[in-house]
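Down below is the structure, laid out as structure tokens.
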Amino acid sequence: MSGHKKIIIGNWKMNFMVKQAVAFATKFVSKSIPEDISVGVAPNTLALNEVSGALSKSPIKIVSQNAYYEDEGAFTGEVSMPMLRGLADLVLVGHSERRHILRESNDYTREKCAAAFRSGIVPVLCVGETLVERQNYHTNQVLNDQLSVGLADLTAEEVSKMIIAYEPVWAISTTLDRRDATAHDSQEMVIFIRKVISSITSPLLAKKIRVLYGGSVNDRDAGEFLTKGGVDGLLVGKASLDSKKFLKIIDICEVSKN
Ligand code: PGA
């Protein structure tokens, strides 16, 4: 672990109409968020503005689920990183749904990480292998490629500020034929991720960079991942759509760090 504050991010994916997103976010305003944990929520792009307003007095950070890498121009349907300035603190890059459903390549993630930093937004680079890749013993190669290309255009200082999320595609709640990942799987891959980062940057940076786990984390297994998974926090999808579960995960994080 990096020694940073623990981080819990809720990825709401393509859920909630704007009004619902605001109503949901409002549930967190009166809740006390422990100072020594960073909490973020990732609403859909249309809801970013209003959710960010609703949470303006809360320490909860706003995470964009995506953005394009060019700053402006003829890119119909896209939103740029400069457009997110003042709205989002972080941006997800290379989420497996974007890689596999929307066919985003490693080169895209490289451009997006660099674009995020140009706009003062911290990228959360998501990496992870599919079940077929794992069964064919390609996990290390896949992660190595995702990390070495994704980080290629960044300075050492930028790498030290960013976040990596290890999300095995086979463990994500929406994957057909999904499997359960264990804290041991997470720990093993986080060690490997730090090794790759060490080889492409430096051992010091590899130690400093924050690494999260994501893939069907819920209020029953969050403690296990946080204490035994070797991680600095969690990226939570489905369970973050239930405010009680999400708040419980934050509580578990607070308890497990002691
Ligand atoms: P999940 O999603 O917790 O629903 O598996 C995690 C993610 O895809 O970020």
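Along the sequence shown, residues are numbered consecutively beginning with 1. Note that the coordinates shown come from a computational prediction; the quantities given were computed from them, not determined experimentally. We count ligands from 1, going down the list as the structure has it; atoms in each ligand are counted the same way.
For atom 9 (O) of ligand 1, the closest heavy atom belonging to the protein is Glu167 OE2, 2.8 Å. Among all non-hydrogen protein atoms, the one lying nearest atom 3 (O) of ligand 1 is Gly237 N, 2.8 Å.
Close approach of ligand 1 to Leu235 (heavy-atom distance below 4.0 Å) involves ligand atoms 9 (O). Within the listing of ligand 1, atoms 9 (O) sit less than 4.0 angstrom from a heavy atom of Asn11. Close contacts between ligand 1 and Gly215 involve ligand atoms 5 (O) [criterion: under 4.0 Å to a heavy atom]. Listed by number with element, the atoms of ligand 1 under 4.0 Å from a non-hydrogen atom of Lys238 are 1 (P), 3 (O), 4 (O).
The aromatic rings of Phe75 and Tyr68 sit tilted, their planes meeting at an angle between 30° and 60°. Using cut-offs of 30° and 60° on the angle between ring planes, the pair Phe24 and Phe16 is tilted.
Glu167 pairs by the side-chain hydrogen bond (donor to acceptor under 3.5 Å, both in side chains) definition with His95, not counting sequence neighbours. Residues satisfying the side-chain hydrogen bond (donor to acceptor under 3.5 Å, both in side chains) test with Ser216, not counting sequence neighbours, are Arg178.
Side chains of Met189 and Tyr213 form no contact here, defined as non-hydrogen atoms less than 4.5 Å apart.
Ion pairing of Arg110 with Asp107 is present here, as a side-chain N (NZ or NE/NH1/NH2) and a carboxylate O approach within less than 4.0 Å.
Taking only non-hydrogen atoms, the option from Cys126, Ser173, Gly128, Ala239 nearest to atom 4 (O) of ligand 1 is Ser173. Taking each of Gln65, Glu97, Lys13 in turn, the one with a heavy atom nearest to atom 8 (O) of ligand 1 proves to be Lys13.
Residue contacts with ligand 1 leave out Gly214, since none of its heavy atoms falls under 4.0 Å from the ligand. Not a single heavy atom of Arg178 sits less than 4.0 Å from an atom of ligand 1.
A side-chain donor from one of Asp185 and Thr182 sits under 3.5 Å from a side-chain acceptor of the other.
No side-chain donor-acceptor contact under 3.5 Å links Lys208 to the backbone of Val159.
At a heavy-atom cutoff of 4.0 Å, ligand 1 is contacted by both the backbone and the side chain of Ile172.
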